**Student:** 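What follows is a single structure, and I will ask about it in a moment.
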Number of protein chains: 2
Amino acid sequence: MDDTKPEQVKSIADLARIGGVSVSTVSRALTGKGALNKGTRERIQALADRHGFKLNVAAQNLRLGRTGAIAVLLPLGHERGQHLSDPFFMAMLGFLADALTDRGYDLLLSRVLPQGDDWLDTFIRTGRTDGVIIIGQSNQSAVLDRTAAHYAPMVIWGEQSSRNAHVTVGTDNQAGGALAAQHLVARGRRRLAFFGNVAVPEFAARYQGFVAALPADLRDTVELVHTHITPEASLEVATAWFAAGNRPDGLFAASDVVAMSLLSAATDHGLSVPGDLSIIGFDDIPMARLANPPLTTVAQDIEGGARQLVDLLFRRLAGEDAGSISIAPRLVIRESS
Amino acid sequence: MDDTKPEQVKSIADLARIGGVSVSTVSRALTGKGALNKGTRERIQALADRHGFKLNVAAQNLRLGRTGAIAVLLPLGHERGQHLSDPFFMAMLGFLADALTDRGYDLLLSRVLPQGDDWLDTFIRTGRTDGVIIIGQSNQSAVLDRTAAHYAPMVIWGEQSSRNAHVTVGTDNQAGGALAAQHLVARGRRRLAFFGNVAVPEFAARYQGFVAALPADLRDTVELVHTHITPEASLEVATAWFAAGNRPDGLFAASDVVAMSLLSAATDHGLSVPGDLSIIGFDDIPMARLANPPLTTVAQDIEGGARQLVDLLFRRLAGEDAGSISIAPRLVIRESS
DNA sequence: CTGTTAGCGCCTTCAC
DNA sequence: GTGAAGGCGCTAACAG
């Protein structure tokens, strides 16, 4: 056809000049919005392709008063190492990335070390993203509540509570704890303990649900062992605990990673699982089935959760006053119990 | 002092009006750039704080001709499930987020299903980010090379090769394979196999390094077992392989996740580790020490790697023609060998 | 159907 | 030391 040499085209103005049309025509051709003669549209599109030109998304978004990005924040309130290693978050993040991509949004990832009480407002006011997804309340419930009061497009993965002013999506952790309790009791286990960090709302709920579902005589004897849920910390705590002579017959861990630490420590101390004791985890990370023996666990629907988070966020972004969502957990029985 | 009611301040123009100064003064006060009377600067900053005003980062970046964001792309060329579950990526991502945050940049996360051969150029031309970090070549080396020819701010975590036109940071996978070989040989193991997907450059190099470091008589008998490196796929392959009657005494896995599958499958078939056979993984994910028995593995320096990736990217962003970096692996001997 | 124009919110020369 | 004005690249009335 014609033989325009691919010169540097940096903006629609350049392309407009080369194509002998106005910038609005180029804009209409490339966005597909607005009425435009089919021939012109195709000619401009072809011209853009030939020059390897794409609309600048940043400028486009500025003009549209949006950013085209959603922030995913991992607050490291007290579990500094958790997010680095826990497969649960990787899975969640992957599904979130998919769900946001499907809607044409970018995912802005940020790990935050909460400082003072306005790290969240400060982040939001810089206008970097159109909405915020926060993974876990950590110890920041008060900050979340304060921001939720004036900022709608924010959803939190975590524990739902009537005390929360912020909107959450999350597993019914109490129900999950109850599933674990019922299972251990059904197996005839009576010397029980829970391992986790109850300063984290999700874990506290798992513990409460666990205790509440126990028969009255066991409720008073169940031990609460505090541990951060990183592999390193939980292995250390578990090893020390067994070394101190504790001989339980039923353990419920706040996460699969902690459960794997318990498994490892128990084996090291010559105990057989599930012969001498049962161990139950929480999450059902892909690796739970690779544990030795494969881990019985309370499964969270990570993919479904991610989808619900994104759905809810976009409903709120659209002005709808959509509320919290609770997801039922499911007991997956393998060989560790 | 004064009692201005916090009205809605959406731009520096609003603040300029309220403060009785020009927009340029506000800009100078809030960015700290340019000369300005100290008193004015402090007055405007106080005014901004009182109104909870922050500069709009998107507009600022548009004006400065940058985006303030770096893309981290996970190409899912043939390991669709890998990135969802492999703790290695979570760790890498966490460290990248930290390193980028330290430099005042955002991390734009994107999982891409490579389509055709210009998904990368298309992404770059939309101008969403100032640079690109790609985790793994996947099967896209040709695409990466083509883009690298005209786009400097791009670094790849993966396998370095003289055939690569793109710049990489990565573990010396051949050396890692050699470490595994030497260790198994030193343990007197002779019936060897490698488990992994050699269509992935990194894994191919691990396999080659492994074979090359073997004594001549073993080199011909080592078996290459193909498996994707997801927990699900590798467990299935390992189980079938043992069920077919294979009785090796030394296994080298392309990743720790695969090694844990091998451990699980071997135990299921009544084999003892390390009694009957030795198993070595690759990565040294935090959970490797929680395996039962704890996993011997070739450790990658994930944190150092992430830092090098970011350093290299910013050097190239500054116009420097900085080249690829190779990181030495380290054998971590635990109880699985 | 297409072009002109006025911004989105900010930074930065150039004057004063 | 501070203000006015132009423009980063794009979109959307409003005209014609």
Side-chain angles (χ1 to χ4, degrees), chain A residues 7-45 47-48 51-69 104 106 124-130, chain B residues 7-45 47-48 51-69 104 106 122-130:
Chain A
E7 49 188 280
Q8 191 72 328
V9 175
K10 305 222 59 175
S11 69
I12 57 175
D14 293 346
L15 204 63
R17 199 169 16 73
I18 297 175
V21 293
S22 73
V23 291
S24 31
T25 296
V26 174
S27 174
R28 285 190 270 255
L30 266 34
T31 58
K33 294 181 191 169
L36 197 58
N37 181 301
K38 198 177 165 210
T40 328
R41 165 160 292 149
E42 284 166 358
R43 187 168 67 80
I44 299 300
Q45 283 174 346
L47 196 62
H51 289 267
F53 177 75
K54 291 274 172 191
L55 292 172
N56 181 311
V57 174
Q60 190 173 38
N61 285 331
L62 177 67
R63 175 58 231 243
L64 293 176
R66 41 165 261 171
T67 68
D106 288 324
I124 288 169
R125 284 203 304 254
T126 58
R128 270 197 287 247
T129 62
D130 297 332
Chain B
E7 49 188 281
Q8 190 72 327
V9 176
K10 305 222 59 175
S11 69
I12 55 176
D14 293 346
L15 205 62
R17 198 167 17 73
I18 297 174
V21 293
S22 73
V23 291
S24 24
T25 296
V26 175
S27 174
R28 285 191 269 255
L30 266 35
T31 58
K33 294 182 192 167
L36 197 58
N37 181 300
K38 197 176 167 214
T40 323
R41 165 159 293 147
E42 284 166 0
R43 188 169 65 80
I44 300 298
Q45 283 173 347
L47 196 63
H51 289 267
F53 177 74
K54 292 274 172 191
L55 291 171
N56 181 310
V57 175
Q60 190 173 38
N61 286 332
L62 177 66
R63 176 58 233 249
L64 294 177
R66 43 165 259 171
T67 67
D106 288 325
T122 299
F123 177 86
I124 288 169
R125 284 203 304 254
T126 58
R128 269 195 287 245
T129 62
D130 297 331

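Just so we're clear, the structure is a prediction, and the values are computed from it rather than from any experiment.
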**Student:** Can you name the salt bridge (Lys or Arg N to Asp or Glu O under 4.0 Å) partners of A/Arg41, sequence neighbours left out?
**Tutor:**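 Here no residue qualifies.
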
**Student:** So, using side chain to side chain donor-acceptor pair (under 3.5 Å) as the criterion, who are the partners of B/Asn56 when residues are at least two apart?
**Tutor:**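 B/Asn56: no side chain to side chain donor-acceptor pair (under 3.5 Å) contacts found.
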
**Student:** If the condition is side chain to side chain contact (heavy atoms under 4.5 Å, CB included), which residues does B/Asn37 pass it with, not counting sequence neighbours?
**Tutor:**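 Result, side chain to side chain contact (heavy atoms under 4.5 Å, CB included) vs B/Asn37: B/Thr40.
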
**Student:** Five pairs per end, C1' atoms only: what is the angle between the end axes of the helix from C/dC1-D/dG16 to C/dC16-D/dG1, to 10 degrees?
**Tutor:**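 Here the helix ends are tilted 40° relative to one another.
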
**Student:** What residues, two or more places apart in sequence or in another chain, satisfy side chain to side chain donor-acceptor pair (under 3.5 Å) together with B/Arg63?
**Tutor:**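 In terms of side chain to side chain donor-acceptor pair (under 3.5 Å), with neighbours along the sequence ignored, B/Arg63 is linked to no residue.
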
**Student:** I'd like the 5' and 3' limits of the part of DNA chain D contacted by chain B, with heavy-atom contacts below 4.0 Å.
**Tutor:** D/dG1 to D/dC8

**Student:** Rounding to an integer number of Å, can you tell me how far B/Leu55 CG sits from C/dC8 C1'?
**Tutor:**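 One finds 15 Å between C1' of C/dC8 and CG of B/Leu55, rounded.
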
**Student:** Applying side chain to side chain contact (heavy atoms under 4.5 Å, CB included), name anything that partners A/Arg125, two or more places apart in sequence or on another chain.
**Tutor:** A/Asp121, A/Thr122, B/Lys54

**Student:** Taking only residues two or more places apart in sequence or in another chain, which ones pass side chain to side chain contact (heavy atoms under 4.5 Å, CB included) with B/Ala29?
**Tutor:** B/Leu36, B/Ile44

**Student:** Which residues pass the side chain to side chain donor-acceptor pair (under 3.5 Å) test with A/Thr25, sequence neighbours left out?
**Tutor:** A/Ser22

**Student:** Could you go step by step and tell me if B/Arg43 and B/Val21 meet the side-chain contact (heavy atoms from CB on, under 4.5 Å) rule?
**Tutor:** CA-CA 11 Å; B/Arg43 188 169 65 80; B/Val21 293; 3.5 Å; yes

**Student:** Using a strict heavy-atom distance below 4.0 Å, which residues from residues 19-27 of chain B are in contact with DNA chain D?
**Tutor:** B/Val21, B/Ser22, B/Ser24, B/Thr25

**Student:** Nearest-Å distance, CD1 (A/Ile12) to C1' (C/dG7)?
**Tutor:**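 Distance check: A/Ile12 CD1 to C/dG7 C1' gives 14 Å.
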
**Student:** Whole angstrom is fine here: how far is it from CG in B/Asp14 over to C1' in C/dC10?
**Tutor:**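 From B/Asp14 CG to C/dC10 C1': 13 Å.
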
**Student:** A/Leu15 CG to C/dG3 P: how many Å, rounded?
**Tutor:** 13 Å

**Student:** Going by the rule salt bridge (Lys or Arg N to Asp or Glu O under 4.0 Å), which residues pair with B/Arg128 if we only count those two or more places apart in sequence or in a different chain?
**Tutor:** A/Asp106

**Student:** Nearest whole angstrom, please: distance from the P of C/dG7 to the CG of A/Leu62.
**Tutor:** 14 Å

**Student:** Between B/Phe53 (CZ) and C/dG9 (C1'), how many Å, whole number?
**Tutor:**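 Whole-Å distance recorded here is 8 Å.
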
**Student:** Go through the structure and list residues passing side chain to side chain contact (heavy atoms under 4.5 Å, CB included) with B/Thr31, not counting sequence neighbours.
**Tutor:**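 With neighbours one apart ignored, the set is B/Ser27, B/Lys33, B/Leu55, B/Gln60.
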
**Student:** Relative to the 5' end of DNA chain C, which residue comes earlier, B/Arg28 or B/Ala59, by the nucleotide with the nearest heavy atom?
**Tutor:**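 Nearest-nucleotide comparison on DNA chain C picks B/Ala59.
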
